[in-house]
Amino acid sequence: METAYLSLGTNLGDKQQNLLTAIQHIETRIGHIVAQSAFIATAPWGFTSEHSFLNACVAVATTLQPDALLQATQCIETEMGRTQKSDGTYHDRIIDIDILLYGDHAVRTPHLTIPHPLLSRRRFVLQPLAEIAPNVVPPGTSMSVADMLSTLPADA
């Protein structure tokens, strides 16, 4: 059993309900949610949109291996109505689920990188993650999540 930390974001439709639905699917398909952050409203990151985001993080105890976890999160996204993944260009989305951390493991495959490569640069990820895992030190780094958040520029 590993603890995986997932980031959830939505900026279309009933945002609160989108997050609640995604969390319910995670609990059913991936594993027991052991911690959940508050929902935070944020501006779009990496692209321009008239729609603000609602973001959260969850910690989930799972027996799924990283590749199976990725497949499960992508199935949830598709079933909730997500039609396109980011291909270097970001888009509005009903739901986005990113794997941030998987225990103390580092994963590098053509389809998956853990820790998430942009983890330390995204306030909308670090803020809710620090709420549920402030002392976790991502593999390959020397800083805790809380320390990463405290050193992030205000406009990140």
Side-chain angles (χ1 to χ4, degrees), residues 1-12 15-27 30-62 64 66 69-70 72-74 76-77 80 82 85-109 111-156:
M1 183 84 55
E2 292 288 349
T3 300
Y5 293 91
L6 308 178
S7 173
L8 294 80
T10 176
N11 77 329
L12 294 175
K15 296 176 229 181
Q16 182 169 338
Q17 188 58 54
N18 291 346
L19 292 182
L20 292 171
T21 299
I23 290 166
Q24 184 176 44
H25 285 303
I26 290 165
E27 180 84 37
I30 294 174
H32 176 65
I33 293 179
V34 296
Q36 176 185 320
S37 74
F39 296 170
I40 61 166
T42 63
W45 187 93
F47 75 110
T48 302
S49 174
E50 63 186 45
H51 306 287
S52 65
F53 274 81
L54 198 60
N55 296 95
C57 285
V58 296
V60 58
T62 187
L64 296 180
L69 177 59
L70 177 63
T73 61
Q74 290 178 339
I76 293 167
E77 290 175 338
M80 287 185 63
R82 183 154 186 191
K85 285 295 281 182
S86 299
D87 55 2
T89 303
Y90 297 112
H91 309 276
D92 291 324
R93 61 206 74 149
I94 290 174
I95 193 68
D96 182 41
I97 305 170
D98 287 336
I99 303 169
L100 303 176
L101 302 167
Y102 183 85
D104 60 359
H105 302 280
V107 177
R108 304 267 185 280
T109 72
H111 305 293
L112 181 61
T113 302
I114 302 172
H116 191 285
L118 298 175
L119 171 67
S120 65
R121 296 176 43 206
R122 293 175 162 178
R123 181 171 300 281
F124 69 89
V125 171
L126 284 174
Q127 184 176 338
L129 183 59
E131 183 182 327
I132 62 172
N135 299 318
V136 169
V137 177
T141 72
S142 60
M143 295 177 70
S144 70
V145 170
D147 289 339
M148 286 180 184
L149 178 60
S150 72
T151 60
L152 199 60
D155 61 350

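Note that the coordinates shown come from a computational prediction; the quantities given were computed from them, not determined experimentally.
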Residues that [X] engages under side-chain contact (heavy atoms from CB on, under 4.5 Å), provided they are two or more places apart:
X   : value
I94 : L12, N18
Q17 : D14, L20, T21
A59 : T3, Y5, V34, A35, I132
I40 : T42, N55, Q127, P128

Give, for atom [atom1] of [X] and atom [atom2] of [Y], the distance between the pair rounded to the nearest 0.5 Å.
X    : Y    : atom1 : atom2 : answer
S52  : N11  : OG    : CG    : 7.5 Å
M80  : D96  : CE    : CG    : 11.0 Å
L149 : R123 : CG    : CZ    : 5.5 Å
I99  : T73  : CD1   : OG1   : 4.5 Å

Of all residues at least two apart in sequence or in a different chain, which pass the ring-ring contact (aromatic ring centres under 6.0 Å, His included) check with Y102? H105
All ring-ring contact (aromatic ring centres under 6.0 Å, His included) counterparts of H32, not counting sequence neighbours: none
For residues 131-144, which residue pairs pass the side chain to side chain donor-acceptor pair (under 3.5 Å) check, not counting sequence neighbours? S144-D147
Heavy atoms from other residues, nucleotides or ligands near CD of Q24 exceed 12 (cutoff 6.0 Å): no
